[in-house]
Amino acid sequence: MEIVIKPDYETMSRCAGDFVEAWLRRKPDLVLGLATGSTPLGLYRDLIRRHRDEKLAFARVTTFNLDEYIGLPADHPQSYHSFMRENLFRHVDLDPARTHLPDGNAAEIAAECAAYEAAIRSAGGIDLQILGIGHDGHIGFNEPSSSLRSRTRIKTLTEQTVRANARFFGGADKVPRHAITVGVGTIFEARCCLLLATGTEKAAAVAAAVEGPLTAMCPASALQFHESCTLIVDEAAAVGLKRRDYYRYVYDSKPAWQQWEKSAG
Ligand code: F6R
């Protein structure tokens with residue numbers, strides 16, 4: 001795992017923008033896995049700016065989102081379809097036909113999940129997977145005790161996740177209890193994972209994911225086993241990392257040919 005610690009949310013988001021841009025320049029037909037939630041908003045704003053000011057192109061990119069609530073109409077303001085449209089898709093030159101989210105209103109949820117997995121496979125697999133992390137260590141909506149080999153399926157959100165997402169819905173009672181999420185096993189097959197975390201409220205989850213045991217009780221800990229995983233976190237989210245000075249030393253000592261960051265943050 002590569003751990004990159006940035007002073008604040010803005011520099012963390014810009015650094016993540018550099019990471020995504022480096023991938024895009026290398027592979028303009030990137031298959032990009034996307035997350036929703038508050039954490040990647042700064043990254044999405046940064047990518048929109050790069051598209052506008054630096055002509056960073058998304059025209060050949062294919063996207064797959066991690067998850068969608070079950071039972072919310074796709075045009076509901078809190079659906080992840082709406083989230084992605086408002087916060088990224090409509091601001092860049094992505095081809096709508098190449099953007100994918102699970103259909104939380106499918107008549108046959110199991111068939112929808114199987115079709116989503118098949119679509120990822122037929123796109124050639126995910127090159128770069130963007131991830132946030134839940135307070136309980138979830139990635140996507142793979143809550144604690146999710147099989148580390150799980151595939152796209154229905155999950156019941158924990159009470160903690162429902163409470164955390166109540167801020168978007170104006171009350172916990174309005175948050176759907178179920179979602180379709182790609183599995184930990186599906187995430188694990190991405191060629192590269194980029195996990196972002198911000199704020200002290202994520203510090204315990206980040207520490208468990210990076211320095212804790214590999215366990216289904218913290219699904220993000222599965223990333224310790226991933227061949228190519230970078231975490232970019234701000235100082236606040238890094239406070240629980242015992243070896244943070246070491247991670248800083250490693251990052252600062254990177255040979256020039258391995259560097260992807262454009263500007264020091
Ligand atoms: C949503 C997703 C979730 C979030 C996590 C953190 O697509 O993948 O795992 O990343 O719940 O959410 P925020 O960023 O809102 O704290």
Side-chain angles (χ1 to χ4, degrees), residues 9-10 12-13 16 32-46 63-70 72 74 76-89 99-104 116 120 126 128-146 148 150 152-170 172 175-188 190 193-206 208-209 216-223 229 231-234 236-237:
Y9 180 70
E10 285 311 313
M12 179 197 88
S13 301
L32 183 59
L34 294 171
T36 54
S38 316
T39 308
L41 283 173
L43 166 63
Y44 296 158
R45 280 194 293 272
D46 185 75
T63 67
F64 286 92
N65 265 80
L66 285 167
D67 38 26
E68 178 57 288
Y69 292 111
I70 288 182
L72 281 192
H76 186 285
Q78 297 310 332
S79 77
Y80 287 162
H81 282 76
S82 299
F83 178 99
M84 290 312 304
R85 200 170 43 247
E86 287 311 309
N87 292 300
L88 183 64
F89 294 168
T99 63
H100 303 84
L101 288 99
D103 177 2
Y116 203 69
I120 293 173
I126 290 170
L128 172 61
Q129 176 65 61
I130 310 292
L131 297 165
I133 185 169
H135 300 92
D136 54 7
H138 71 231
I139 46 177
F141 273 135
N142 295 285
E143 298 284 25
S145 81
S146 288
L148 299 184
S150 50
T152 302
R153 68 211 184 291
I154 182 172
K155 283 299 286 182
T156 303
L157 309 189
T158 61
E159 289 177 304
Q160 188 184 24
T161 300
V162 168
R163 274 198 306 276
N165 289 358
R167 67 191 193 280
F168 300 117
F169 286 83
V175 182
R177 292 297 187 267
H178 298 100
I180 294 179
T181 181
V182 303
V184 184
T186 321
I187 292 170
F188 200 79
C193 289
L194 174 64
L195 186 144
L196 307 178
T198 176
T200 44
E201 67 278 13
K202 295 292 175 67
V206 168
M217 296 317 289
C218 175
S221 68
L223 297 171
C229 177
L231 270 78
I232 308 179
V233 302
D234 62 14

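Order of appearance sets the numbers: ligands from 1, and atoms from 1 within every ligand.
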| field | Value rounded to 0.5 Å, distance of CD in Glu68 from CD1 in Ile180 | value | 8.0 Å
| task | Of all the heavy-atom pairs spanning Thr36 and Met84, show the shortest one and how long it is. | result | CG2-SD, 3.7 Å
| Which heavy atom in Lys155 sits nearest to a heavy atom in Arg153, and how many Å separate them? | CD-NH2, 3.5 Å
| said: Tell me whether ligand 1 is touched by Glu201 - counting only heavy atoms on the residue side and a distance under 4.0 Å. | reply: no
| task | Measure the distances from the heavy atoms of Lys202 to every atom of ligand 1 and state whether one is below 4.0 angstrom. | result | yes
| Counting only N and O atoms by type, is there a donor-acceptor contact under 3.5 Å from the side chain of His100 to the main-chain atoms of Thr63? | yes
| query | Between the main-chain N or O of Pro102 and the side-chain N or O of Asn65, is there a donor-acceptor pair closer than 3.5 Å? | reply | no
| query | Considering only heavy atoms, does Glu143 approach ligand 1 within less than 4.0 Å through its side chain, its backbone, both, or neither? | reply | neither
| task | May I ask you to list the atoms of ligand 1 that are less than 4.0 angstrom from any heavy atom of Arg167? | result | 15 (O)
| query | Which atoms of ligand 1 sit under 4.0 Å from any heavy atom of Leu66? | reply | 8 (O)
To the nearest 0.1 Å, how far is [atom] from its closest protein heavy atom, and which atom is that?
atom	result
atom 6 (C) of ligand 1	Ile133 O, 3.3 Å
atom 2 (C) of ligand 1	Asp67 OD2, 3.5 Å
atom 15 (O) of ligand 1	Ser38 N, 2.8 Å
atom 11 (O) of ligand 1	His138 NE2, 2.6 Å

| Counting heavy atoms only, which of Thr39, Leu101, Thr36 comes nearest to atom 4 (C) of ligand 1? | Thr36
| said: On a heavy-atom basis, I'd like to know which of Gly140, Gly132, Gly134 is closest to atom 9 (O) of ligand 1. | reply: Gly140
| query | Taking side chain as C-beta onward, heavy atoms only, is Gln129 less than 4.5 Å from Leu66? | reply | yes
| field | Nitrogen or oxygen atoms of Tyr80 and ligand 1 under 3.5 Å apart | value | no
| request: Mind running ring pair (Phe, Tyr, Trp, His ring centres under 6.0 Å) on Tyr69 and Phe169 for me, showing each step along the way? | output: CA-CA 12 Å; Tyr69 292 111; Phe169 286 83; 5.4 Å; yes
| request: I would like to know whether Tyr80 and Leu34 meet side-chain contact (heavy atoms from CB on, under 4.5 Å); could you show each step before the answer? | output: CA-CA 11 Å; Tyr80 287 162; Leu34 294 171; over 6 Å; no
